[in-house]
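Have a look at the structure below before the remarks.
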Protein chains: 2
Amino acid sequence: MAKIDDVARLAKVSKGTVSNVFSQKRPTSNEVRERVMSVSRQLNYVPNHTARSLVTKKTMAIGLTIPHGSFFFSAFHTQFINGVILEAASYGYRVLLDIIPVHEVKTPFLTSYPIDGAVVMRPTANDERITLMHMGQIPFVTVGHVMNENIEHSTSVDNDNAQMMSNICAYLVGKGHRDIMFLNANEHMTVSIDRRASFVEAMKEHGLDVEEHMIHHKPELNSSEYMDYGYEETMDILGKQQKKVTAIIADDDRTAFSVLNAVKDLNLSVPGDVSIFVICGDNSMMVQSNPSLTSMDLQPSELGAQSVRLLMHQLGVLQGEYEENIIVEGKIIERNSVSTIGSDEDRE
Amino acid sequence: MAKIDDVARLAKVSKGTVSNVFSQKRPTSNEVRERVMSVSRQLNYVPNHTARSLVTKKTMAIGLTIPHGSFFFSAFHTQFINGVILEAASYGYRVLLDIIPVHEVKTPFLTSYPIDGAVVMRPTANDERITLMHMGQIPFVTVGHVMNENIEHSTSVDNDNAQMMSNICAYLVGKGHRDIMFLNANEHMTVSIDRRASFVEAMKEHGLDVEEHMIHHKPELNSSEYMDYGYEETMDILGKQQKKVTAIIADDDRTAFSVLNAVKDLNLSVPGDVSIFVICGDNSMMVQSNPSLTSMDLQPSELGAQSVRLLMHQLGVLQGEYEENIIVEGKIIERNSVSTIGSDEDRE
DNA sequence: CGAGTTTATTAAACCGGTTTAATAACATTC
DNA sequence: GAATGTTATTAAACCGGTTTAATAAACTCG
């Protein structure tokens with residue numbers, strides 16, 4: 001590979017000038033610029049990324065830390081990542097996927113993080129990734145709020161879980177549902193904690209009490225119950241226990257599909273006997289489902305883009321004032337899995 | 001941030017020694033090592049990644065280039081990426097997601113690629129990403145074979161598409177199906193080209209001719225027909241044109257769901273009237289589907305891991321001989337979407 | 001037209017590590 | 001106990017760029 005000195009020599013200029021031609025940090029004359037570029041083309045020269053980084057102290061990469069433990073992508077992750085990559089690229093930044101629990105890096109590999117900042121997805125309570133970023137002086141943006149002690153000032157992007165749950169409940173109650181079962185995400189996730197509380201509160205505002213058996217949490221990824229989440233709960237509560245449930249809020253599309261199966265096995269129908277509302281799923285799947293599933297669109301891609309924009313502000317790439325905590329709207333997308341009940345009395 | 005000189009001074013050793021303590025490239029005495037580590041802990045010192053990279057000429061990162069154009073993840077991608085990340089991490093490598101068509105990088109951002117090698121997913125014919133890797137001297141492994149002129153010697157990981165199609169056809173024909181429609185992937189993808197040819201050939205071996213209307217290709221991602229792929233084709237061929245089709249091979253789970261809907265709208269049933277076989281999809285979705293979908297497991301995660309292992313061999317991280325082109329088996333997973341037909345005659 | 005200002009260029013220092021070649025300290029061997 | 005081999009340590013060169021401070025050349029303007 002040709003280096004800057006080779007170009008400088010052949011173009012009869014100093015390496016500082018060659019540097020300026022490429023970095024465009026100081027002006028260069030047309031004459032010189034063309035000579036340098038011409039020589040560079042001949043030699044196939046391109047500035048060395050690492051050398052540049054060493055002195056500028058910028059790696060032009062941001063980390064994207066996905067929740068570790070058992071690593072897994074859902075539709076939400078997928079679209080979120082999509083948003084992050086595209087937005088980052090528009091600022092010349094690359095995205096480094098990051099799942100290694102840092103304390104496990106063995107000595108000969110141990111180095112500083114080659115990133116300028118990070119987007120941390122779905123932090124858990126006292127998330128160590130966040131503690132590490134904080135210690136390592138790496139600017140970061142979280143998706144979902146931080147729940148670490150000793151860290152107060154943090155920028156984040158999130159859906160308004162309280163507002164969303166409130167909207168969902170209002171939507172369902174407005175359609176006559178009073179017995180709503182909530183199949184929540186895993187209980188360790190901060191979103192899950194928020195949503196649970198908001199759900200109970202929203203129901204209370206409609207004068208409805210939520211009994212314990214109406215809220216469930218997704219089992220751990222590697223547990224044996226994981227794959228049947230939604231099915232088992234539905235069979236148990238609606239079948240065996242014969243509790244009254246007219247609507248089910250499912251955390252994601254897969255859970256909803258499980259519920260769909262259980263409902264079918266109970267010889268009930270959706271949305272005739274039971275309505276289903278999905279919080280987060282793959283739109284194309286939910287459209288193709290039968291019946292198609294009414295859902296909340298969390299706009300994960302928009303969340304991703306916004307998180308990068310926030311990070312760029314922190315890195316000084318974007319100038320000006322900015323909100324430290326951005327809320328992205330969740331939008332209800334009506335499809336065919338929720339019916340209106342009790343309308344008989346209303347209309348007749 | 002503390003630097004190596006600070007540590008060297010306080011530990012009363014030369015920076016070269018400190019370097020050796022961390023990189024473990026040369027032996028150091030216990031006494032010295034402990035002194036250095038102790039000082040490092042005090043100062044919170046960690047070697048600077050960029051500085052190390054500059055001289056070792058290793059970034060300890062590999063690129064993962066996802067097919068560009070409109071960037072989108074399917075279940076295959078998701079699991080594949082999963083495999084790549086986990087395997088790479090075990091060698092101390094990080095993964096840089098890469099989707100920027102390189103020729104679009106604007107001047108002030110133009111630098112060499114900060115990666116040691118790359119995994120290129122699903123190359124298209126004459127893929128420019130590959131040409132660039134080749135020119136830039138960056139070792140790479142492809143998933144699916146290369147179809148670039150002037151590049152002959154390439155390492156790759158792949159499923160045996162011919163064998164797979166042959167197995168699928170044998171499976172379906174064995175169950176009495178003779179009229180099989182194939183909803184293939186997008187026609188620009190090399191897998192799609194391979195599979196089409198293999199499908200026709202496999203059918204021929206069973207003495208069956210494939211008519212033109214029995215093979216379709218997924219529309220472009222941003223086209224209006226994209227979302228309805230599977231539905232439209234089924235409605236048209238089985239409905240409007242009233243062609244005889246007893247089994248449909250769908251490229252992915254979503255396409256299969258579309259087909260499922262069309263079949264329902266035609267007042268037919270799966271697998272009673274029409275059988276469905278999925279080539280690649282999210283297992284948890286296919287299990288939850290009703291009926292659950294029989295599919296070919298491409299083992300994307302295994303493909304990802306193998307591709308990294310190949311790359312590590314090329315980078316000299318792994319020693320010893322190795323296959324340049326690895327084939328990962330596709331396994332048929334029987335569920336409930338394929339029925340045996342014509343068995344009446346056989347048995348009676 | 002000469003003092004003052006602006007603009008493009010450059011030589012040298014610098015970023016923070018690794019690596020080479022030299023050396024000092026300690027073990028072996030005969 | 002001198003000659004040889006081994007091991008840990010170090011000073012200095014080096015990786016390939018950017019940046020600073022100095023300078024030369026080209027403009028302003030009274």
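A note on names: the letters A, B, ... follow the listed sequences, proteins ahead of strands, and every chain is numbered from 1.
Within the 4.0 angstrom heavy-atom criterion, base atoms lie near B:Thr17. When heavy atoms are screened at a 4.0 angstrom cut-off, A:Val13 is found touching the sugar-phosphate backbone but no base atom. Nucleic acid contact for B:Val32: sugar-phosphate only, since backbone atoms but no base atoms lie under 4.0 Å from a heavy atom of the residue. Contact annotation for A:Lys15: base contact, defined as any heavy-atom pair under 4.0 Å involving a base atom.
Looking at residues two or more places apart in sequence or on another chain, you find no salt bridge (charged side-chain N to carboxylate O under 4.0 Å, His left out) involving A:Arg26. Residues forming a ring pair (Phe, Tyr, Trp, His ring centres under 6.0 Å) with A:Phe76 (at least two apart in sequence, or on another chain): none.
The side chain to side chain contact (heavy atoms under 4.5 Å, CB included) test with B:Leu64 singles out one residue from B:Leu97, B:Val120, B:Leu96, and that residue is B:Leu97.
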**Q.** CA sep, side-chain torsions, deciding dist, call: A:Asn325, A:His145, side-chain hydrogen bond (donor to acceptor under 3.5 Å, both in side chains)
**A.** CA-CA 9 Å; A:Asn325 298 285; A:His145 56 231; over 6 Å; no

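Separating the CD atom of B:Glu31 from the P atom of C:dC26 is a distance of 11 Å, rounded to the nearest angstrom.
Taking every nucleotide of DNA chain D with any atom under 4.0 Å from a non-hydrogen atom of chain A, the first and last of them, 5' to 3', are D:dG16 to D:dT20.
Note on residues 31-48 of chain A: pairs passing salt bridge (Lys or Arg N to Asp or Glu O under 4.0 Å), not counting sequence neighbours, are A:Glu31-A:Arg35. Every pair passing salt bridge (Lys or Arg N to Asp or Glu O under 4.0 Å) that includes a residue from residues 300-322 of chain A is listed here, sequence neighbours excluded: A:Glu87-A:Arg309.
The NZ atom of A:Lys3 lies 10.5 Å from the OH atom of A:Tyr45; values are rounded to the nearest 0.5 Å. Between atom CG of residue B:Asp116 and atom CD1 of residue B:Ile138 there is a gap of 9.0 Å, rounded to the nearest 0.5 Å.
Closest-nucleotide positions on DNA chain D for A:Arg26 and A:Lys3 were compared, and the one nearer the 5' end corresponds to A:Lys3. Along DNA chain C, the nucleotide nearest A:Lys12 and the nucleotide nearest B:Ile4 are compared for position; the residue whose nucleotide lies closer to the 5' end is A:Lys12.
A rotation axis mapping the C1' atoms of four pairs onto the next four is fitted at both ends of the helix from C:dC1-D:dG30 to C:dC30-D:dG1 over five pairs, and the angle between these axes is 30° to 10 degrees.
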